Each structure stands twice: as C-alpha cells, then as structure tokens.
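Before any comments, here is the structure.
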2 protein chains.
Amino acid sequence: MKRDSRLSGVLHVLLHMAEHRHPVTSEALAKAMTTNPVVIRRIMAGLRDQGYVQSEKGHGGGWSIACDLSKVTLRDIYHALGDPSLLAMGNRTEAPGCLVEQSVNAALSKAFDDAEAFLLARFGEVTLAALSADFHRRMLARGGASHDLETIHAS
Amino acid sequence: MKRDSRLSGVLHVLLHMAEHRHPVTSEALAKAMTTNPVVIRRIMAGLRDQGYVQSEKGHGGGWSIACDLSKVTLRDIYHALGDPSLLAMGNRTEAPGCLVEQSVNAALSKAFDDAEAFLLARFGEVTLAALSADFHRRMLARGGASHDLETIHAS
DNA sequence: ATATCATGAAACATATGAAGTTACATGAAA
DNA sequence: TTTCATGTAACTTCATATGTTTCATGATAT
C-alpha cells in the first residue's frame, strides 16, 4: 500500500513555522518540502479549522502557529487531519452473514482496534513542543547552525 | 487508504477448508467469497510455498490444509502473504537531510514500529485452531447447523 | 487415447485514494 | 490599483489491491 504521509508532512511544516516569528507562505513551505503550495494548504486546512494555525492573505501573509505547542499532541494533529486510516489492513466484509467470516473478523478486529488505540495513545504522549525540543537538540549537536528554513533545507 | 483484505480473506478460506476432508476447488472457494478463482489462487500461493496448504490438479483436485492448525498463527499466515504493509501511514522521506524532518521521523518511526510490533505480537497469539474453535462455538450457539461451505454461505 | 477438470501464471482492466498540478476567485497590503 | 497570498475546484498522475481473461500444464475418469 502507498503510505499516507500527511501527518509526517504537516508536522514537518509546523516545526518549521515554529522557528519563524513572521508568517511563512505556502510557497516557501512547499519549496522546503519539495512539493506544491496547494498540497500545503490542503493539509493545513484542518489545522486552521481547529485553531492550531492561522493564515493571512496579502503582503506579509502566510501561515503562523496559533496554539501553545506544549498543549498540542500528535494525536490532536491527527484528528485535525480528519482521522485518516491508521492501518493498511482491514476486514474483507464488515457485517458478514458467514459464521466463519464472523470469527475471522472478531479476531482481526480486536487486534486492529487495539493496535489503533495503541498508536493513538503514543501520539497522545508526544507534544509539538517535545518535537521542537528534540529538533533543537539535534541542531546543537550538529553545531548550532541557523534556524532559517531555507538554510536548513539548503544542505 | 483502501484497505488490504488479503489476510482476512485467506483466513476465511482456510477455515472453510478446515471443515472439508476433501480438497476444495478455487472455484468453490471463490463463490463462497464472492470473488474470482484467480484471486483465491493468488493469495494461496504464498501459503502453499510455506507448506501450510497443498494444491492438486485434475479431477478431485483443489486446496487442502497441510499443517497442524494448532501450530500455525495469524503471524505465520501474515508472513506467508509476503509481509504486506500493516500501517497506512508512514514518513514522508526515509533519510531526510533536514533536521526538522529527522526529529519528526524519529518520533513517528518509534510509534509506528512499536505499533507494528504490537500488532504482530497479537497475531502471534492467535492460532488457526483457536479461530476454528471460535467458529464452532458460534455454530453451536446458532443451533449447530451444517459445516458445509455452500450451506453456510447460502444464508 | 482423449476429454474433462483443476491449478499456474501472465497479461490486462478496474477502482480507490494520496499526491501533484493548474486555474481562478477572494481578500489584504503596498 | 497593482501585487501578493490564501481558498477552492477540477484535473492529472501514481501506486496497489482487486477483478478478469486467456492459455499452458498436469492429473483423473471414461
């Protein structure tokens, strides 16, 4: 299965935005992500609706953080993306008449549901602030280079 | 993401086969699964290679169980299918130069890897015999109807 | 022998959804 | 009023599970 990388992408964007005082345009973010500005706007739409980020039009416009990074977890961001599928596997039929398939579904569903709950719980343990802090640690370890988005991505 | 239902499908097939003494044809299995015989052969190929089932050509041919159901787990079957993706999500880039993305990847990869290990562990706890036993319990609860594949799926 | 049955495998079609792209309307700032 | 940036719709592209057709291979029954 082709993997959904929206969560990965949106986190990347958020952490870059956190390094900027001023709004960052979709175009600048897209360049850093090697993608298209519309893709950025698309994955940011849900976060804007939830108030995690805000967008401004016109000169000096762009995206900026609108929340306390220490209060928002990966799970919150996941929900803001619209709860995309976590698992690549699923049951063949949801409400089968066949008793065999009911047994199979029961066993698999339990495992699937538990795995999803497990993953969501993990997401809930990680705040955006923790991610950002980890980034700053890596930055220092590498020699404390610039926080600038373009500089980071130039390497 | 569209979900992969091969594991679900192959388990359904195996449990039906377990109810038959004689080989079951791909066509009969396909009819029960409302799919195509070639699809059956395709998902069974890996299991045959691993020796969990065997196939015979010609009159009276078809598929039959070739293993001890109490010794084979869902995890074994999963591997026989070729280790398909378990998670629908993944990192945007595997080996990013960007330190921000490295932080994101590190956090997500840990959660993803743990969730996969969790799910595989669950699979490893369930034997085919346990699934079959669960089916028989459901059968008795419903009044102990026929084990016949066609009868089961006629309902 | 040969007709029939069943698998094995290749080739192709279909469907779904993420990702990428284009185009244009909306609205804010210089 | 020109420029910039987002908002949104529509479209293309791509990957992959699933479905289908076709024919070769081999086993069994008559």
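Treat the numbers as computed from the prediction; the structure is a model and nothing was measured. We name chains A, B, ... by the order of the sequence lines, and we start the count at 1 in each one.
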Checklist line | Summary of ring-ring contact (aromatic ring centres under 6.0 Å, His included) pairs that have at least one residue in residues 43-91 of chain B, sequence neighbours excluded | finding: none

Margin query: Strictly by side chain to side chain donor-acceptor pair (under 3.5 Å), give each pair with a member in residues 38-50 of chain B just once, sequence neighbours left out.
Written below: B:Ser26-B:Arg41

Notebook entry, point to check: What pairs meet the salt bridge (Lys or Arg N to Asp or Glu O under 4.0 Å) rule with one or both residues in residues 6-18 of chain B, with sequence neighbours excluded?
Noted result: B:Asp4-B:Arg6

Margin query: For DNA chain D, which residues of residues 107-117 of chain A approach it to below 4.0 angstrom with any heavy atom?
Written below: none

Check: Would the A:His20 and A:His16 ring centres measure less than 6.0 Å apart?
Finding: no

Item checked: Members sharing B:Val39's hydrophobic cluster (side chains within less than 4.5 Å) -> none

Checklist line | Whole-Å gap separating C1' (D:dA17) and CD1 (B:Ile40) | finding: 14 Å

Checklist line | Qualifying residues under side-chain contact (heavy atoms from CB on, under 4.5 Å), relative to B:Ala66, sequence neighbours excluded | finding: B:Gln54

Item checked: Under the side-chain contact (heavy atoms from CB on, under 4.5 Å) test, residues paired with A:Ser70 that sit two or more places apart -> A:Asp68, A:Ala129

Next item on the list: Take the protein atom CZ of B:Arg92 and the nucleotide atom C1' of C:dG20, then report the distance between them rounded to whole Å.
Entry: 13 Å

Notebook entry, point to check: B:Arg42 near the nucleic acid: base, sugar-phosphate alone, or nothing, with a heavy-atom cut-off under 4.0 Å?
Noted result: base

Next item on the list: Measure the distance from CG on B:Leu7 to P on D:dA17 and round it to the nearest whole Å.
Entry: 13 Å

Side-chain atoms of residues 104-126 of chain B: list all donor-acceptor pairs with protein atoms under 3.5 Å, sequence neighbours left out, distances to 0.1 Å.
residue: B:Asn105; atom: ND2; partner: B:Thr93; partner atom: O; Å: 2.6
residue: B:Ser109; atom: OG; partner: B:Asn91; partner atom: ND2; Å: 2.7
residue: B:Ser109; atom: OG; partner: B:Asn105; partner atom: O; Å: 2.8
residue: B:Lys110; atom: NZ; partner: B:Asp114; partner atom: OD2; Å: 2.8
residue: B:Asp114; atom: OD2; partner: A:Arg122; partner atom: NH1; Å: 2.5
residue: B:Asp114; atom: OD2; partner: A:Arg122; partner atom: NH2; Å: 2.8
residue: B:Glu116; atom: OE2; partner: A:Arg3; partner atom: NH2; Å: 3.1
residue: B:Arg122; atom: NH1; partner: A:Asp114; partner atom: OD2; Å: 2.5
residue: B:Arg122; atom: NH2; partner: A:Asp114; partner atom: OD2; Å: 2.8

Item checked: Between C1' of D:dT22 and CG of B:Asn36, the distance in whole Å -> 12 Å

Check: When you measure from every atom of DNA chain C, which of residues 44-63 of chain A have a heavy atom less than 4.0 Å away?
Finding: A:Lys57, A:Gly58, A:His59

Item checked: Separation of D:dT18 P from B:Arg41 CZ (nearest whole Å) -> 17 Å

Notebook entry, point to check: Just how far, in rounded Å, is P of D:dT6 from CD1 of A:Ile43?
Noted result: 13 Å

